Amino acid sequence: MKKAKRNYFDVPESAKHLYMILSIFCMFLPFILMLMLSLKDKRQVIYEFFSLKGPYHFENYQKALETVLPLMKNSLIMAAGTMVLSVLFATLAGYAFGKLVFPLQNLLFGIILPR
């Protein structure tokens, strides 16, 4: 019995691949536009929106970092302080539940454990 010759071009499979390629393009398009626009000055954004020609303005990143870095520093200080206090209080609570016996210990442990 002869085996049927396999067709390597399958229309439904090709449609799936085309759909995936278009989906990936649509997902990455905002990131590509964001990168393109971040290297342009205001005039280029208005008059040459999709143009790839220069000049490219890398000083836009310097301006952005000068604005954002102080805010990031404040956020880092707050996050680090919160983390240190959380670890400190969790350690003290763990020691109290492990070594000490006190009233309503099981109830409080049941309330704290699921969190």
Side-chain angles (χ1 to χ4, degrees):
M1 179 173 233
K2 255 185 163 180
K3 288 187 177 180
K5 193 173 189 182
R6 183 164 184 218
N7 186 5
Y8 286 101
F9 184 74
D10 190 19
V11 174
E13 195 69 24
S14 298
K16 287 180 197 176
H17 288 273
L18 180 65
Y19 173 74
M20 287 190 291
I21 290 170
L22 289 175
S23 297
I24 290 171
F25 177 75
C26 289
M27 286 181 214
F28 281 110
L29 184 63
F31 296 106
I32 294 167
L33 287 175
M34 180 178 60
L35 182 63
M36 284 174 40
L37 290 175
S38 70
L39 295 172
K40 294 181 177 188
D41 63 355
K42 291 179 184 177
R43 189 192 64 75
Q44 287 176 312
V45 170
I46 294 170
Y47 296 111
E48 302 169 8
F49 191 79
F50 288 107
S51 175
L52 294 176
K53 63 183 176 182
Y56 300 115
H57 298 278
F58 289 98
E59 64 269 8
N60 293 344
Y61 286 107
Q62 181 182 1
K63 290 178 189 175
L65 282 176
E66 288 172 357
T67 305
V68 172
L69 278 180
L71 303 174
M72 288 177 64
K73 185 179 85 172
N74 291 340
S75 297
L76 184 65
I77 291 170
M78 291 296 295
T82 303
M83 181 193 66
V84 168
L85 288 176
S86 295
V87 169
L88 176 70
F89 286 123
T91 303
L92 294 175
Y95 180 81
F97 279 116
K99 297 289 183 178
L100 303 177
V101 177
F102 53 92
L104 301 175
Q105 181 178 7
N106 291 334
L107 176 67
L108 287 174
F109 188 71
I111 291 171
I112 291 176
L113 185 64
R115 294 178 186 204

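The structure displayed is predicted, hence computed values, not measured ones.
Other residues, nucleotides and ligands contribute over 12 non-hydrogen atoms within 6.0 Å of the OH atom of Tyr61. Counting heavy atoms of neighbouring residues, nucleotides and ligands inside a 6.0 Å radius, atom CZ of Phe28 does not exceed 12 of them.
Between the CG atom of Leu37 and the CZ atom of Phe50 there is a distance of 8.0 Å, given to the nearest 0.5 Å. Taken from CD1 in Ile24 to CE in Met20, the straight-line distance is 7.0 Å, to the nearest 0.5 Å. Gln62 contributes atom CD, which lies 10.5 Å from atom OG1 of Thr67 (distance to the nearest 0.5 angstrom). Between the CG atom in Leu69 and the CG atom in Leu76 there is a gap of 11.0 Å [rounded to 0.5 Å]. Rounding to the nearest 0.5 Å gives a distance of 12.0 Å between CG of Leu29 and CE of Met27. To the nearest 0.5 Å, atom CG of residue Leu88 and atom CE of residue Met83 are 11.5 Å apart.
When all heavy atoms of Cys26 and Pro30 are compared, the pair lying nearest together is O-CD, 3.4 Å. Summarising the geometry of Leu65 relative to Pro70, their closest heavy-atom pair is O-CD, 4.3 Å, with the distance given to 0.1 Å. Nearest heavy-atom pair across Leu52 and Met36 is CD2-SD, 3.7 Å. Across all non-hydrogen atoms, the minimal contact from Phe97 to Phe102 is CE2-CZ, 3.7 Å.
At least one donor-acceptor pair closer than 3.5 Å links the side chain of Lys40 to the backbone N or O of Ser51. Between the side chain of Gln44 and the main chain of Pro55, a donor-acceptor pair closer than 3.5 Å is present.
Tracing side-chain contacts under 4.5 Å through hydrophobic residues (I, L, V, M, F, W, Y), one reaches Ile111 starting from Leu104; they form part of the same cluster.
Results of the side-chain contact (heavy atoms from CB on, under 4.5 Å) test with Asp41 over His57, Glu59, Glu48 single out His57 as the only residue that passes.
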